[in-house]
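The block underneath contains the structure these notes are about, expressed in structure tokens.
It should be emphasised that the depicted structure is a prediction, and the values quoted were computed from it without experimental measurement.
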Amino acid sequence: MTVAAYLQSTTNPAVFAAGDAANTIGRPLTPRCRVRRQSRCAQHDQGHHYRARPNGRATTVFAIPELDRVGLLEHEAAYVGHEIAVRSSDTSDWYSTYRVAETTAAAKIIIDPASDQILGAHLLGPGYSELINTFGLAIKLGLTTRQLKSVTTTYPSLGSDLGSLL
């Protein structure tokens, strides 16, 4: 018995699907960018080698505090075959949070330990909508955590928290 390629039908190897018709993780009515990526995979590569990858496009819920996401969730990264390391931080007592009198802040960064690349970042805190853009750029350009840690930042900005989150 052969294993079906990504997005390939398990009963008809000539059929591929994308979006809500595909048996993939994610909620129905998935965002258009994900469906577009999956359909390219199904159409051009026939699913043999390509896997949907994080694209660096960040999203933010502008609440108090802000809730931000870029890249893959843990189960998505595992589903497409990545080994993962998760770095979680309660940042509510960090100076960058304290200086704006916020009491709730946290971060979860998902990393591929083999390549040292960031697969996803999930942030909750004041001003984190700016920091998530740095993670998005890192994902888009394939930067490693070592490269991000080497950046000199201003203190006590949110950017100065970057190295500690990794």
Side-chain angles (χ1 to χ4, degrees), residues 6 18-19 24-27 29-41 44-45 49-166:
Y6 182 64
T24 59
I25 55 175
R27 291 173 270 163
L29 302 174
T30 53
R32 204 168 136 194
C33 64
R34 181 179 293 174
V35 173
R36 221 177 304 147
R37 224 174 341 152
Q38 288 177 351
S39 62
R40 279 193 214 116
C41 168
H44 298 294
D45 190 48
H49 302 290
Y50 180 82
R51 291 272 195 262
R53 292 178 178 85
N55 66 6
R57 189 172 294 133
T59 58
T60 296
V61 176
F62 288 100
I64 299 174
E66 297 165 4
L67 178 62
D68 308 281
R69 173 188 173 186
V70 66
L72 301 175
L73 297 168
E74 292 169 71
H75 68 277
E76 291 172 329
Y79 181 80
V80 296
H82 289 286
E83 292 293 324
I84 60 171
V86 178
R87 302 196 180 144
S88 298
S89 304
D90 177 352
T91 60
S92 59
D93 62 351
W94 291 17
Y95 188 74
S96 57
T97 304
Y98 171 76
R99 71 180 177 85
V100 293
E102 183 58 62
T103 58
T104 303
K108 180 168 65 170
I109 314 302
I110 301 162
I111 298 165
D112 182 331
S115 66
D116 194 38
Q117 291 180 326
I118 297 167
L119 301 173
H122 313 279
L123 310 175
L124 173 69
Y128 279 8
S129 61
E130 290 301 325
L131 190 56
I132 200 71
N133 293 323
T134 302
F135 284 107
L137 184 63
I139 289 171
K140 184 174 180 72
L141 298 178
L143 300 177
T144 66
T145 65
R146 283 184 281 298
Q147 289 170 314
L148 283 177
K149 286 179 184 180
S150 72
V151 173
T152 303
T153 57
T154 60
Y155 180 83
S157 68
L158 288 174
S160 69
D161 291 347
L162 187 62
S164 298
L165 293 173
L166 300 170

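Between L123 and A107, the shortest heavy-atom contact is CD2-CB, 3.4 Å. Closest approach of S96 to S157, counting heavy atoms only: CB-O, 4.2 Å. Minimum heavy-atom separation, K149 to G163: CE-O, 3.9 Å. The shortest heavy-atom contact between T144 and S115 is CG2-O, 3.7 Å. The shortest heavy-atom contact between I109 and A121 is CD1-CB, 3.9 Å. The two residues E76 and G71 come nearest to each other via the heavy atoms OE1-O, 4.4 Å.
A donor-acceptor contact shorter than 3.5 Å links the side chain of T91 to the backbone of A106. When atom types are taken as modelled, the side chain of H122 and the backbone of L72 share a donor-acceptor pair closer than 3.5 angstrom. Side chain of E66 to backbone of Y128: a donor-acceptor contact under 3.5 angstrom is found. Q117 places no side-chain N or O within donor-acceptor distance of the main-chain N or O of D112, the cut-off being under 3.5 Å. Between the side chain of D116 and the backbone N or O of T145 there is at least one donor-acceptor pair closer than 3.5 Å. Not one N or O on the side chain of E130 forms a donor-acceptor pair closer than 3.5 Å with the backbone of G127. R87 places a side-chain N or O within donor-acceptor distance of the main-chain N or O of L166, the cut-off being under 3.5 Å.
Applying the salt bridge (Lys or Arg N to Asp or Glu O under 4.0 Å) test to E83 and every residue at least two apart in sequence or in another chain returns nothing.
Residues K108 and L124 have side chains not in contact (no heavy-atom distance under 4.5 Å, counting atoms from C-beta outward). A 4.5 Å side-chain heavy-atom check between R69 and V61 finds every atom pair outside the cut-off. Contact check for S164 versus W94: side-chain heavy atoms found under the 4.5 Å cut-off. Put simply, the side chain of F135 reaches to within 4.5 Å of the side chain of L162, judged on heavy atoms. Side-chain contact between L165 and L131 is present, with at least one heavy-atom pair separated by less than 4.5 Å. The shortest distance between side-chain heavy atoms of L158 and T97 does not fall below 4.5 Å.
To the nearest 0.5 Å, the span separating CG on L73 from CD1 on I110 amounts to 6.0 Å. The distance from atom CG of L67 to atom CZ of F62, rounded to the nearest 0.5 Å, is 11.0 Å. With values rounded to the nearest 0.5 angstrom, I132 atom CD1 is found 12.0 Å from L137 atom CG. Going from atom OG1 of T134 over to atom CD1 of I118 covers 9.5 Å, rounded to the nearest 0.5 Å.
Shown here is L141, whose CG atom has more than 12 heavy atoms of other residues, nucleotides or ligands within 6.0 Å.
Side-chain contact of D68 with S129: a donor-acceptor pair under 3.5 Å is absent, judged by distance alone.
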